[in-house]
Amino acid sequence: NARFVRIIANTTSRTIEVRRGPNDADADTLVGKFMLKGNGDSCIIEKHPTDVLVYGSASAVKVGRVGP
């Protein structure tokens, strides 16, 4: 339910998708996507609190909440 999220790649060339959450009227709709190209690449994104991140493999990225 975080609004700002830090994402760190643990592998190369990982595509991350932001999708509407399961309780939204338009559940699973793609909001946007981006790629972390190298091991250790990171970014901070702002998303709607109910949106979910989809990245294929749980071991491929580390995700952490930023802020309160």
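Index from 1, following the sequence.
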Side chain to side chain contact (heavy atoms under 4.5 Å, CB included), that's the test. Do L53 and I7 meet it? Break it down for me. CA-CA 10 Å; L53 301 174; I7 304 161; 3.9 Å; yes
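Rounding to the nearest 0.5 angstrom, the gap separating the CG atom in D51 from the CD atom in E46 is 11.0 Å. Atom SG in C43 sits 9.5 Å away from atom CD1 in I8 (nearest 0.5 Å). Distance OG1/T11 to OH/Y55: 13.5 Å, rounded to 0.5 Å.
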Ignoring hydrogens and angles, write down the donor-acceptor pairs under 3.5 Å from the side chains of residues 35-42, residues two or more places apart or on other chains.
unit_1 : atom_1 : unit_2 : atom_2 : d
D41    : OD2    : K37    : N      : 3.1
D41    : OD2    : G38    : N      : 2.7

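Between I44 and V5, every side-chain heavy-atom pair lies at or beyond the 4.5 Å cut-off. Two residues are said to be in side-chain contact when any heavy atoms from C-beta on lie closer than 4.5 Å; F34 and I45 meet this criterion.
Listed by chain and number, the residues in a side chain to side chain contact (heavy atoms under 4.5 Å, CB included) with T29 are R20, D26 (sequence neighbours excluded).
For V18 against K47, the heavy-atom pair with the smallest separation is CG1-CB, 4.4 Å. When all heavy atoms of A27 and P22 are compared, the closest pair comes out as CB-O, 3.7 Å.
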